[in-house]
Amino acid sequence: METFSKKEKEKARQKKRKDKEEKREDRKANATKGLGLDDMLAYVDENGNISSTPPDPRKKKRIDQEDIQIGVAKQQAGEPQDLVRQGVVTFFNDSKGYGFIRDLQSQESIFVHINGVKEPIGEQDKVTFTTEMTPKGPNAVDVKKLVA
């Protein structure tokens, strides 16, 4: 004697088996195995978009190996570094011994260490300084407070 729940479970199993068989038949009908290499390739165009057409060899750009930069770009030597410049201290931490000066002429931020300071400075002080190049960039030295 079969109960109602046994009949329902058997119907569910039959439905599941039928769905699985339909999926198998669908996969066989729409199989992508055995396609040629050209059908499976995708290309990237000059704008970075994926495309199914190969790139045009006439638009090929030649890149020299020396032009490729890996890591930090080299600092370019700019104007002479021995000029006395003026700036405003934007940040200075006495306990850690470093800060930054905003150059009034070029508006660039220049690192300053306590070893390059001639007299005590604080934030928003107007100062004169010279710069020297270090491997990490310009560094302010001979920093003196301007008398206002």
Looking at residues at least two apart in the chain, or sitting in another chain, which of them share a side-chain hydrogen bond (donor to acceptor under 3.5 Å, both in side chains) with [X]?
X    : value
T53  : S51
N47  : none
E22  : none
T128 : none

Just jot down the salt bridge (Lys or Arg N to Asp or Glu O under 4.0 Å) partners of [X], sequence neighbours excluded, or say none.
X    : result
E21  : R24
K15  : D19
R17  : none
K126 : none

Exercise for the section: Using only heavy-atom distances, determine whether the side chains of T130 and R85 contain a donor-acceptor pair under 3.5 Å. Expected result: no
Exercise for the section: With sequence neighbours excluded, give me every side chain to side chain donor-acceptor pair (under 3.5 Å) pair touching residues 89-98. Expected result: N93-S95
Handout entry: By ring-ring contact (aromatic ring centres under 6.0 Å, His included) - contacts of F100 (at least two apart)
Key = F111
Exercise for the section: Provide the full list of salt bridge (charged side-chain N to carboxylate O under 4.0 Å, His left out) pairs with a residue in residues 47-58, sequence neighbours left out, each pair given once. Expected result: D56-R58
Exercise for the section: Can you sort out the partners of L104 under side-chain contact (heavy atoms from CB on, under 4.5 Å), two or more places apart, ordered by chain and number? Expected result: Q86, V88
Exercise for the section: Quick one: pull up NE2 in H113 and OG1 in T134 and give me the separation to the nearest 0.5 Å. Expected result: 12.0 Å
